There are 2 protein chains.
Amino acid sequence: MSRSPELNQKMRDERREAILHHALGLFAANGLHATKISDIAERAGMSQGLLYHYFRSKEEIYTELIRGAFERMNAAALGLEALDMPPREKIELALTQLVKGIEEGEEFARMVMLNAQAGISEVTPPEARRILSEQSGVPYAVVERILRAGQREGTIKPHDAGEMSVAFWTAIKGLALHKAVYGAEFRAPDIRILTSMFFNEEESNG
Amino acid sequence: MSRSPELNQKMRDERREAILHHALGLFAANGLHATKISDIAERAGMSQGLLYHYFRSKEEIYTELIRGAFERMNAAALGLEALDMPPREKIELALTQLVKGIEEGEEFARMVMLNAQAGISEVTPPEARRILSEQSGVPYAVVERILRAGQREGTIKPHDAGEMSVAFWTAIKGLALHKAVYGAEFRAPDIRILTSMFFNEEESNG
DNA sequence: GTCTATATCCAGATAGAC
DNA sequence: GTCTATCTGGATATAGAC
């Protein structure tokens, strides 16, 4: 009755994913230290002992989540930059997608919280800290370049592009924080409130 | 050689303040659980045992910090609202002061982090949770009222005032988060990037 | 692969000497 | 008031049975 190696591997991967998924919810809410490995195991529907067959330690789970978050975020940012689209529309698309992501699911807001905690805390695992220091600048740099391109076209306000990029990402992170606190009650503000930080006013109307 | 009761009380208060001050730095960085009472005692320059003469438990210190943060924040918000000043200038003043507070010291950003954690975490002490649920809405409501008054004057954009208030505070919290991560490297964006979310464009120039 | 039981460690809080 | 020493509980990680 032995299953094929492929099926075994698939089940193993699914278990791993389940652990990561539930760990994210707990870490984002309570932080690395206050999250008990027994809670993760319970939510993932397995015994505490079995969890150690998938990850060496709590820190390894945490680090894996940080790694995944940056991989996806940076790939999305670079993908956005590569689109064949006017800079101003790229900014609008990014804000729309990000706010939608925050509004609709818990996952995105959790990822933001996790990264914020990891960036601040002194007890962040070394490997997670390394990933953070190497990769956390990418989205800022991407948005700054897009804004600069828009300034050359005259569609983006002439403020310092680096400062506007900080305003862009801190606004998003602030909204994610808000979502993490208020959960389902959260209603995102109209996207146009945010875009007005960056877009030159149009003389014509829509 | 017995000191006066007044002097004794004063020294006692100063010790208490020192504990609270150092605890805030640690809690904001690492959270309630990951902060060791021995670390707080060490930074405050006293033994672990002595700390228990000033506070019953770690949770009590935490709750006291939350209480103080809301007292000051809500007093400041209500004070701002009571000023004899056009609504638009109140918003500008508030943003200027808040951003300056974030930029210049660690204290303000730490308070924001503490409140964010407390709002999210499931292990937040019950009393702290009570304070949060009773008082966290005040600054949002104040800003919303000021924005509404500005809309009646025509100086504030006609977006939903509640949504703009959320945009206001999440932008501030996002900046505080950023400061908490980047510390001394942090440079605040030009205040005008933020005000453009709320202010109607002026036809005349300055 | 999966579970239960346990060794080990560490932090919060207390007791008691000075 | 202040310290050191200790009790106690709880969480991580491991060992070992099935």
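We name chains A, B, ... by the order of the sequence lines, and we start the count at 1 in each one. The figures here come from the full heavy-atom set of this structure, side chains too, leaving out hydrogens, waters and symmetry mates. These numbers were taken from a predicted model, which means no experiment stands behind them.
- The distance from atom CG of A/L50 to atom P of C/dG1 is 9 Å, rounded to the nearest whole Å.
- Put simply, CG on B/N8 is 13 Å from C1' on D/dT2, counting in whole angstrom units.
- For B/Y140 and A/H178, the ring centers are positioned less than 6.0 Å apart.
- Computed from coordinates, the A/I19 CD1 to C/dG1 C1' distance equals 13 Å when rounded to whole Å.
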Mind running salt bridge (charged side-chain N to carboxylate O under 4.0 Å, His left out) on A/E71 and A/R67 for me, showing each step along the way?
CA-CA 6 Å; A/E71 263 175 25; A/R67 192 195 316 279; 5.5 Å; no
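- Whole-Å rounding puts the A/L26 CG to D/dA11 C1' distance at 15 Å.
- Among the heavy atoms of the strands lying under 4.0 Å from B/Y54 are primed sugar atoms or P, OP1, OP2 only; no base atom is included.
- When the local axes at the two ends of the helix from C/dG1-D/dC18 to C/dC18-D/dG1 are compared, using 5 base pairs at each end, they differ in direction by 10° after rounding to 10°.
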Check the interface with nucleotides 12-18 of chain C: list each N/O to N/O pair with the protein under 3.5 Å, or write none.
residue : atom : partner : partner atom : Å
C/dG12  : OP1  : B/T35   : O            : 3.4
C/dG12  : OP1  : B/I37   : N            : 3.2
C/dG12  : OP1  : B/K58   : NZ           : 3.1
C/dG12  : OP2  : B/I37   : N            : 3.1
C/dG12  : N7   : B/Q48   : NE2          : 3.4
C/dA13  : OP2  : B/Y52   : OH           : 2.8
C/dA13  : OP2  : B/K58   : N            : 3.3
C/dA13  : N7   : B/Q48   : NE2          : 3.4

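- Rounded to a whole Å, the CD1 atom of A/I40 is 12 Å from the C1' atom of D/dA11.
- One interatomic measurement links the two molecules: CG of A/L51 to C1' of C/dT4, which rounds to 16 Å at whole-angstrom precision.
- Using cut-offs of 30° and 60° for the angle between ring planes, the A/F198 and A/F168 rings count as tilted.
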Test salt bridge (charged side-chain N to carboxylate O under 4.0 Å, His left out) applied to B/E14 and B/K10, step by step:
CA-CA 6 Å; B/E14 279 170 7; B/K10 186 164 174 291; 3.0 Å; yes
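- The nearest whole Å value for the distance from the CG atom in B/L7 to the C1' atom in D/dG1 is 14 Å.
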Run the side-chain donor-acceptor check on residues 120-136 of chain B: report pairs under 3.5 Å with partners two or more places apart or on a different chain.
residue : atom : partner : partner atom : Å
B/S121  : OG   : A/N30   : OD1          : 3.3
B/S121  : OG   : B/V123  : N            : 3.1
B/T124  : OG1  : B/A118  : O            : 2.8
B/T124  : OG1  : B/S121  : O            : 3.2
B/E127  : OE1  : B/R130  : NH1          : 2.8
B/E127  : OE2  : B/R130  : NH1          : 2.8
B/R129  : NH2  : B/S121  : O            : 2.5
B/R130  : NE   : B/E134  : OE2          : 3.2
B/S133  : OG   : B/R130  : O            : 3.0
B/Q135  : OE1  : B/N74   : ND2          : 3.1
B/S136  : OG   : B/L132  : O            : 3.0

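- A donor-acceptor pair under 3.5 Å is absent between the side-chain atoms of A/K90 and the main chain of A/V143, judged by distance alone.
- Going from atom CD of B/E89 over to atom OG1 of B/T96 covers 11.0 Å, rounded to the nearest 0.5 Å.
- A/F27 does not carry A/R110 over the face of its six-membered ring by the limits of under 6.0 Å from the centre and within 45° of the normal.
- For D/dG1, the OP1/OP2 oxygens have no side-chain nitrogen or oxygen of B/R15 closer than 4.0 Å.
- To the nearest 0.5 Å, atoms CD (A/E64) and CD1 (A/I61) are separated by 10.0 Å.
- Straight-line distance from the CD1 atom of A/I61 to the C1' atom of D/dA11: 14 Å, rounded to whole Å.
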